[in-house]
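Basis for what follows: all heavy atoms, side chains included, without hydrogens, waters or symmetry-related copies. Every chain is numbered from 1, with letters handed out A, B, ... down the list of sequences.
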Number of protein chains: 2
Amino acid sequence: MSEKKRGRPRAFDAKVTLEKAREVFWDRGFAGTSLDTLSAATQLNRPSLYGAFGDKEALYLDTLEGYRAESMDVLADALDPSLPLRENLARVYQRALAIYLHGETAARGCFLIGTATAEAIQHERVREVLSRSLDDFDGEIEKRMKLAIERGELPDGSDPHTLARLASAVMHSLAVRARAGDSRETLEALAQSGVDMICGKA
Amino acid sequence: MSEKKRGRPRAFDAKVTLEKAREVFWDRGFAGTSLDTLSAATQLNRPSLYGAFGDKEALYLDTLEGYRAESMDVLADALDPSLPLRENLARVYQRALAIYLHGETAARGCFLIGTATAEAIQHERVREVLSRSLDDFDGEIEKRMKLAIERGELPDGSDPHTLARLASAVMHSLAVRARAGDSRETLEALAQSGVDMICGKA
DNA sequence: CTCATTCTGTACCGTTTCGCATAAAATAAT
DNA sequence: ATTATTTTATGCGAAACGGTACAGAATGAG
C-alpha cells in the first residue's frame with residue numbers, strides 16, 4: 001500500500017486526526033475554532049498539524065472533503081436500487097437524521113450546511129466544496145429518480161431533475177432545523193412528509 | 001415620539017448602523033467579523049458601538065432580530081390574501097431571491113441560515129433567534145394554507161402544517177443554494193418547482 | 001556507525017482581538 | 001454660567017490569534 005518513508009514516522013493517524021478536527025469545526029464553525037482548540041482536540045501540537053495538513057483553512061477543507069465523501073457513501077448505500085423508491089428515500093432521511101441529531105448540547109445538523117455556508121462568501125474554496133457537495137448529492141438522487149421512472153415507481157412524465165431537487169430541499173431543511181434545535185419527532189415528521197411528497201401518500 | 005434626552009446627542013442613527021453592521025456580518029459571519037471591521041463599516045468607533053449595542057454578540061443578535069422582523073414584514077406582504085395561493089407562494093420565493101441574490105462576490109443567501117446556523121451550537125441565544133425565526137415563518141405560511149383550504153384552493157384533506165413545512169423547506173434550500181453560488185436561473189427553477197409542488201402543476 | 005530525513009515539542013514572534021479607561025465634547029437642566 | 005449627563009475619540013492592555021524557528025528525537029539509507 002504505502003512505501004515506508006524515511007525519517008521519523010508519524011505518531012498519529014491522519015484520518016483519525018481529521019475526524020477529531022471535524023468534530024470541533026462542526027460545533028464551533030471554521031472562524032470560531034482556534035488552532036489551540038484543534039491542537040487540544042487532536043492531541044497534536046500546532047507544528048504537527050501544520051506539517052500534516054497545512055494552515056487552518058487547508059485543514060478545514062480536508063475535513064469538509066472527508067465529510068462530503070462519507071456522505072456520498074452513506075447516500076449510495078441508502079439508495080440501494082434493490083429496494084423500493086419510497087424505502088430508499090426514507091433511508092436517506094433516516095440516516096441523515098442519525099448524523100444530524102448527534103450532538104452534546106443541541107443537535108449539530110449537517111456539517112457542510114451548518115458551517116461551510118458561513119464561510120462560503122469569503123472563502124472561495126469553501127464555497128466550491130459546498131457547491132460540489134450539493135450538486136453531487138442532487139445528481140445521485142436524480143439518478144435514482146430516473147431509475148424509478150423507468151421502473152414505473154413514479155408517474156410517467158415525472159421530471160427526475162425537479163424531483164431530485166425537491167427531495168434535496170427537504171434534506172436541506174432537515175439540516176437547518178436540526179441545528180436550530182428542532183426535536184427528533186419534528187424532524188422525522190418532515191422527513192415523512194418529504195417521502196410522501198415524492199412518492200405519494202402511502 | 002421620543003423625548004429629548006439630556007447629554008450629548010448621538011451623531012448616528014442606530015437603525016442605519018444596524019443595517020451596516022448586518023451587511024458585514026452577512027458576508028463574513030459572526031465569528032469572522034472583528035469589531036475593527038464593524039467599526040470601519042459603521043464609521044463608529046468601538047466605544048460608541050459598545051455603548052449603543054453592548055458587546056459583539058449583542059450587536060449581532062440585534063442585527064438578526066432586525067432581519068427576522070423585516071423578513072416577516074416581507075412575508076406578510078407577499079402573502080396578501082386577496083391574491084391566489086399560487087401567486088402568493090411565487091411572490092414569497094421571488095422576494096426571497098431578490099434578497100438572497102444581492103451580493104458582491106457570490107450571492108449572500110439568507111442572513112439567518114447563512115450565518116446564524118454556524119453559531120447556533122455554541123451561542124444559545126443565536127439558536128433561539130434562529131429557531132423562533134423559522135417557527136414564525138412556518139406559522140405565517142401555515143395560516144395562509146389554512147385559508148387556502150377553506151377557500152378550496154387546495155384539495156380537501158390537505159394538511160396545512162405539512163404543506164407549510166414543505167414550502168419552507170424549498171425556502172431553506174434556496175437560502176443554502178444561493179450561498180453556494182447557484183445561478184438565478186437555477187434558483188428560480190427550484191422556486192417554480194416549489195410552487196407547483198404545493199399548488200399542483202399549472 | 002554516520003548521516004540525511006522526517007516528525008515532535010517548546011517556545012516564541014508579530015499581529016489582531018475584544019473590551020475598557022479616560023478625557024474631551026456636546027447637550028439639557030438649573 | 002454652572003452642573004449633570006451622555007456621547008465621542010484616543011489609546012491602552014491583557015489575552016488570544018495564526019504561524020513558525022529551532023533544537024531534539026526517531027527512523028531509513030549508506
Student: What heavy-atom pair brings B/Leu190 and B/Val170 nearest, and what distance separates the two atoms?
Tutor: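 Here B/Leu190 and B/Val170 meet closest at O-CG1, 4.0 Å.
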
Student: What does A/Pro47 touch in the nucleic acid at a heavy-atom separation under 4.0 angstrom: a base, only the sugar-phosphate, or nothing?
Tutor: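 If one applies the 4.0 Å heavy-atom cut-off, A/Pro47 turns out to touch a base.
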
Student: Write down the distance between CG (A/Leu59) and C1' (D/dG18), rounded to a whole number of angstrom.
Tutor: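 It works out to 13 Å between those atoms.
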
Student: Do B/Arg6 and C/dA29 share a donor-acceptor pair, side chain to base, under 3.5 Å?
Tutor: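 By the distance-only test, no, there is no pair.
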
Student: Could you say whether A/Thr37 or A/Pro9 is positioned toward the 5' end of DNA chain D, judged by the nucleotide with the nearest heavy atom to each?
Tutor: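 Result: A/Thr37.
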
Student: More 5' along DNA chain C: A/Phe12 or B/Gly7, using each one's nearest nucleotide?
Tutor: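 Counting from the 5' end, the first nearest nucleotide belongs to A/Phe12.
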
Student: Quick one about B/Ser193 and B/Asp196 (side-chain donor to acceptor, distance below 3.5 Å, no hydrogens or angles considered), yes or no?
Tutor: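 Absent: no donor and acceptor within the cut-off.
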
Student: How close or far is atom C1' of C/dG9 from atom CG of A/Leu49, stated in whole angstroms?
Tutor: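 Result: 13 Å.
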
Student: By nearest nucleotide on DNA chain C, pick out whichever of B/Glu57 and A/Leu44 is the more 5' one.
Tutor: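 Here A/Leu44 is the residue nearer the 5' end.
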
Student: Identify whether the distance between the nearest side-chain nitrogen and carboxylate oxygen of B/Glu153 and B/Arg144 falls below 4.0 Å.
Tutor: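 Looking at B/Arg144 together with B/Glu153, the answer is yes, because their closest N to O distance falls below 4.0 Å.
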
Student: Considering every strand and a 4.0 Å limit on heavy-atom distances, what is the contact class for A/Ala11: base, sugar-phosphate, or nothing?
Tutor: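 If one applies the 4.0 Å heavy-atom cut-off, A/Ala11 turns out to touch the sugar-phosphate alone, with no base involved.
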
Student: Is A/Thr33 touching bases, backbone alone, or none of the nucleic acid, heavy atoms closer than 4.0 Å?
Tutor: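 Answer is sugar-phosphate: A/Thr33 comes under 4.0 Å of backbone atoms only.
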
Student: Could you state the OH-P distance from B/Tyr50 to C/dC20, rounded to the nearest angstrom?
Tutor: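 In whole Å, C/dC20 P and B/Tyr50 OH are 3 Å from each other.
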
Student: To the nearest Å, how far apart are A/Asp13 CG and C/dC7 P?
Tutor: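 Rounded to whole Å, this separation is 14 Å.
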
Student: Do B/Thr33 and B/Tyr60 have a side chain donor and acceptor closer than 3.5 Å?
Tutor: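 Their side chains do not contain a donor-acceptor pair, so the 3.5 Å distance test is not met.
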
Student: Taking atom P of C/dT16 as reference, at what distance in whole Å does atom CG of B/Asp36 sit?
Tutor: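 It is 9 Å, rounded to the nearest whole Å.
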
Student: May I ask you to evaluate whether B/Asn45 reaches the phosphate of D/dA9, defined as a side-chain N or O under 4.0 Å from OP1 or OP2?
Tutor: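 Answer is yes, contact under 4.0 Å.
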
Student: If only side-chain N and O atoms count, and only distance matters, is there a donor-acceptor pair under 3.5 Å linking B/Ser82 with B/Asp80?
Tutor: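 Yes, a side-chain donor-acceptor pair sits under 3.5 Å.
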
Student: With a cut-off of less than 4.0 Å, is there a side-chain N or O of B/Ser48 near OP1 or OP2 of D/dT8?
Tutor: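 Affirmative; the distance criterion is met.
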
Student: Using the side-chain heavy atoms of B/Arg10, tell me which of these nucleotides is nearest: C/dC7, C/dG19, D/dT8.
Tutor: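 Taking heavy atoms from C-beta onward, the closest nucleotide is D/dT8.
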
Student: May I have the distance from B/Phe53 (atom CZ) to D/dT7 (atom C1'), rounded to whole angstrom?
Tutor: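 The distance from CZ of B/Phe53 to C1' of D/dT7 comes to 13 Å, rounded to the nearest Å.
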
Student: Does D/dA16 have OP1 or OP2 under 4.0 Å away from a side-chain N or O of A/Ser34?
Tutor: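 No, because none of the side-chain N or O atoms of A/Ser34 sits under 4.0 Å from OP1 or OP2 of D/dA16.
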
Student: Between C/dA24, C/dG19, D/dG19, spot the one nearest the side chain of A/Arg46, thanks.
Tutor: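 Nearest to the side chain of A/Arg46 among the choices is D/dG19.
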
Student: Whole Å only: how far is the NZ atom of B/Lys56 from the P atom of C/dT16?
Tutor: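 Going from NZ in B/Lys56 over to P in C/dT16 covers 15 Å.
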
Student: Over how many whole Å does the gap from B/Asp55 atom CG to C/dG19 atom C1' extend?
Tutor: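 Rounded to whole Å, this separation is 9 Å.
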
